Amino acid sequence: MLSFEQARAKVIEKVGKVRGPRVSTSVNVWDALGMVLAQEVKTDREYPPFDRSTRDGYAVRAVEVAPGTELECVGEIKAGDVVTKALAVGTCVQIMTGAAVPPGADAVVMIEHTQRIGDMVRFERAAREGQNVVRRGTEASAGQTILTPGMRLGFAELALAAQVGAVQLQCAKRPRVAILSTGDEVVAIDQQPGEFQIRNSNSVSLAAQVRIAGGEPVVLGNAADRVEDLGERIERGLKEDALVLSGGVSMGKYDLVENVLKALGAEFHFDAVAMRPGKPAVFAVCQGKPVFGLPGNPVSTMVTFELFVAPAIDLLSGAEARPLPFLEARLGESMNEKPGLAHFLPARIEWRGRTPEVKALKWQGSGDITALGNANCFLLVPADKEKIDAGERVSVLPRKDVV
Ligand code: AMP
Ligand code: MG
């Protein structure tokens, strides 16, 4: 049986091979958050575009300023002012943060280190050439590439694009991810379930996880535990870029997903992972599309999505697979776990000062939806660990949506 790391590496390897070239589309910078860039973005001019003052103070010739020097202040320059006139020898000019340093001046002395006496300015310390000035073109030259294809557009990247006037951006289309739940007991969330039925919460969590991962969910409803119904809906799902199923992959008599996929020509890369929850997780390539059969218990579905489906969506988006963002935390309460499988337990991480502390939550196993409401992370207990003492360092996988 593969470890979760091996299984994840397998997904990354296989999806990397089967993914086709990404189709790109033009997206306005206001709408491009979280998308993956499919073009280069270059600067439209030098940055900064002029010698820029980084402080409020006085622009000077550095050689003229020693402790106790007094210079006549001959004017002021605020941010946005057009500056052409050179600084006359033996003078200074008041200047604001973000304003252009005039020709001839080579330093800005912070206002805090000066004294104003009428038209005169007294300097308390020597000035150094280049002090508090960012020279034109030193951040970026004109035509320099600042964003490259495959980069994910977060707030900083969007600001960079905006700064250079790249208002429309070619982005990879979000991969369309089909979501199909299975199970005779599952009813749509707007229906009243019978006493022995449950609502289809997995399709909702999966759609949210697909969105957070950068994909576009295509929710296909629920398949009954019957070969024909499953087969038809799976074939529908295979029209999208990837298919994620929930339920029907365990050892039960009515767990039919693998059989149906096999009949459709699937090549299986794993059908079990040494982890709990999530042990029966399946990954296959069927008709050229990545297919994930996630176990139906809600916590299993969520954890296996994060481990195996999220990196596939990265790759299908034209990006690299992001690493699992494990954090190190101090265990708050000692715990015992059965060794043999890696455990991902719903847990709560809290920051007291800067050191995070984590506690596993009480739960009734991977079907326990109520335990999840309190969980902001999953606590990893490695396969070989039986007892972990309070205070020990443990790895925690934060929930991307709430931490
Ligand atoms: P399965 O993996 O099909 O054996 O399902 C395992 C457990 O998960 C069962 O208790 C199911 O009732 C539950 N389950 C399956 N599908 C869903 C779903 N779409 N939403 C919520 N719970 C589900
Ligand atoms: Mg089932």
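As the structure is a computational prediction, the values presented were derived from the model and not from experiment. Each ligand, and each atom within it, is numbered from 1 in the order the structure gives.
With a 4.0 Å heavy-atom cut-off, ligand 1 is reached by the backbone of Asn297 and by its side chain too. Under 4.0 Å from ligand 1, not a single heavy atom of Asn222 appears.
At a 4.0 Å cut-off, at least one heavy atom of Ser201 sits close enough to ligand 1 to count as contact. Residue contacts with ligand 1 include Thr182, since one of its heavy atoms falls under 4.0 Å from the ligand. Gly248 counts as a contact of ligand 1, since one of its heavy atoms falls under 4.0 Å from the ligand.
In this model, a donor atom of one side chain and an acceptor atom of the other lie less than 3.5 Å apart for Tyr58 and Arg116. In this model, a donor atom of one side chain and an acceptor atom of the other lie less than 3.5 Å apart for Gln170 and Ser24. Side-chain atoms of Asp368 and Thr370 form a donor-acceptor pair, as typed in the model, at a separation below 3.5 Å. A side-chain donor-acceptor contact under 3.5 Å links Asp56 and Thr97. Between the side chains of Glu124 and His113, not a single donor N or O lies within less than 3.5 Å of an accepting N or O. Between the side chains of Ser203 and Asn200, at least one donor-acceptor pair of N or O atoms lies under 3.5 Å.
Annotation for ligand 1: atoms under 4.0 Å from non-hydrogen atoms of Arg199 are 20 (N), 21 (C).
At the top of the distance list for atom 19 (N) of ligand 1, counting protein heavy atoms only, stands Asn200 OD1, 2.9 Å. The nearest protein atom to atom 22 (N) of ligand 1, hydrogens excluded, is given as Ile198 CD1, 3.2 Å; this is a heavy-atom distance. Of the protein's non-hydrogen atoms, Asn202 ND2, 3.2 Å is the one closest to atom 18 (C) of ligand 1.
A salt bridge links Lys387 to Asp389: one of the charged nitrogens lies within less than 4.0 Å of a carboxylate oxygen. Between Glu337 and Arg276 there is no salt bridge, since no side-chain nitrogen of the basic residue lies less than 4.0 Å from a carboxylate oxygen of the acidic one.
For the pair Glu185 and ligand 1, the shortest N or O to N or O distance falls below 3.5 Å. Some N or O of Gly296 is nearer than 3.5 Å to an N or O of ligand 1, by distance alone.
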